[in-house]
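Heads up: the structure comes next, in structure tokens.
Numbers restart at 1 for each chain; the letters A, B, ... are given by sequence-line order, proteins then strands.
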Amino acid sequence: MRIATWNVNSVTARLPRLLDWLGTVEPDVVCLQEIKTSDETFPSDAVGALGYEVATHGTGRWNGVAILSRVGIADERRGLVDEPGYQPEDAMFASTEPRAMGATCGGVRVWTVYVPNGREVGHPHYEYKLAWLAALRATVAAELTERFVVMGDFNIAPTNDDVWDASAVHGATHISEPERAALASLRDLGLTDVVPRALKYDTPYTYWDYRAGMFHKNMGMRIDLVYANDAVTVTDAYVDRDARKGTGPSDHAPVVVDIDL
DNA sequence: ATGTCAGACAACGTCTGA
């Protein structure tokens, strides 16, 4: 079975590329992030024409996740256990955002996650990020089944080797010790970081900023991660760097993983 | 590194977020 994760940075803007990519790579299950559509406006018909069932968790302008599957979708669950919300300074209340959902596809319990960015270390959004990761851990702990995979845009580079230049990263988010400790805490549940092959260079980065020619200089980060338990046997994993090339790409490349059941 | 995107709102530019 082939599973994949991709932050598409708007499924509407990316639809032609997404459809081409589905036809070429032929994944069985795809976790999407930053769909930036509501459940009602997700292009389910276009994706469905390729044989995929769709489950979405989106509200519109920002965030949003989805699972596409051609091996069935059951037991959908949206949101985390006691999920924290974000409260901007000018807001009266904190509100939760559509950043996580799970479903059982082809005998594997699959979660797609879009971890909050954090903005800057010490920013309220950074505290939100850490609280959100704690809720993710609690959710995963309660959800662990025989075959389990959580994948998505974690907005954390697990080690300094996963960043082109650790000293240049924005506001030191993505590389801070508390963020990395949150990843380690997830692994402590029995999950393994499935590190993909790079298709070019020796660095399996998954994200390159749109600006300043970062992609062509290979100044990127590995922040799109696949965490699987031991019941999942990985036979191959790669970053589909080709999907970051050309006209109108997302700023993230997909991670594609082949597993034996 | 801060050079690009995307979406919403009401435009034909400005804001927010990444």
Spacing of [X] atom [atom1] relative to [N] atom [atom2], expressed in whole Å:
X	N	atom1	atom2	answer
A/Asp224	B/dA18	CG	P	15 Å
A/Tyr207	B/dT4	OH	P	13 Å
A/Lys217	B/dT4	NZ	P	12 Å
A/Asp251	B/dT4	CG	C1'	9 Å
A/Asp209	B/dA6	CG	C1'	13 Å
A/Arg211	B/dA18	CZ	P	12 Å
A/Tyr210	B/dA18	OH	C1'	10 Å
A/Trp208	B/dA18	CH2	C1'	16 Å

remark   = Going 5' to 3' through nucleotides 11-17 of chain B and flagging B where a protein heavy-atom sits under 4.0 Å of the base, S where only the sugar-phosphate is that close, and - otherwise, we get ----B-S
Rounded distance in Å between the [atom1] positions of [N] and [M]:
N	M	atom1	answer
B/dA10	B/dT16	P	14 Å
B/dA8	B/dG3	C1'	24 Å
B/dA1	B/dG17	P	25 Å

task = Can you figure out which of B/dA18, B/dG3, B/dC5 approaches the side chain of A/Glu34 most closely?
result = B/dA18
ask   = If you check the A/Ser10 side chain, which of B/dA6, B/dA1, B/dA18 turns out closest?
value = B/dA6
task = Fill in the dot-bracket string of DNA chain B, one character per base: . for unpaired, | for a pair to another strand, ( ) or [ ] for pairs within the strand, taking Watson-Crick or G-U pairs under 3.5 Å.
result = ...((((((...))))))
request  = For A/Asp251, check side-chain hydrogen bond (donor to acceptor under 3.5 Å, both in side chains) against everything at least two apart and list the hits.
outcome  = none
message = So, using side-chain hydrogen bond (donor to acceptor under 3.5 Å, both in side chains) as the criterion, who are the partners of A/Arg78 when residues are at least two apart?
response = A/Glu76
query = Which is true for A/Met214 with a 4.0 Å heavy-atom rule: it touches a base, it touches only sugar-phosphate, or it touches nothing?
reply = base
remark   = Sorted by position of nearest nucleotide on DNA chain B, 5' first, the leading residue of A/Gly118 and A/Gly60 is A/Gly60
query = More 5' along DNA chain B: A/Pro249 or A/Met219, using each one's nearest nucleotide?
reply = A/Met219
ask   = Do the rings of A/His252 and A/Tyr207 sit parallel, tilted or perpendicular, given the 30° and 60° boundaries?
value = tilted
task = Let me know which of A/Gln33, A/Glu34, A/Arg14 forms a side-chain hydrogen bond (donor to acceptor under 3.5 Å, both in side chains) with A/Asn7.
result = A/Glu34
inquiry  = salt bridge (Lys or Arg N to Asp or Glu O under 4.0 Å) for A/Asp193 and A/Arg222? Distances and angles first, verdict last.
reply    = CA-CA 11 Å; A/Asp193 182 355; A/Arg222 185 172 73 92; 2.9 Å; yes
message = Applying a strict under-4.5 Å side-chain criterion to I, L, V, M, F, W and Y, I'd like to know whether A/Leu50 and A/Trp21 cluster together.
response = yes
message = I'd like to know if A/Lys129 and A/Glu179 make a salt bridge, using a cut-off of under 4.0 Å between side-chain N and carboxylate O.
response = yes
key: Where at least one partner belongs to residues 134-156 of chain A, residue pairs that pass salt bridge (charged side-chain N to carboxylate O under 4.0 Å, His left out), sequence neighbours excluded   = A/Arg77-A/Glu143, A/Arg109-A/Glu143
query = Which heavy atom in A/Ala100 sits nearest to a heavy atom in A/Leu80, and how many Å separate them?
reply = CB-CD2, 3.6 Å
query = ring pair (Phe, Tyr, Trp, His ring centres under 6.0 Å) with A/His57: which residues, sequence neighbours excluded?
reply = none
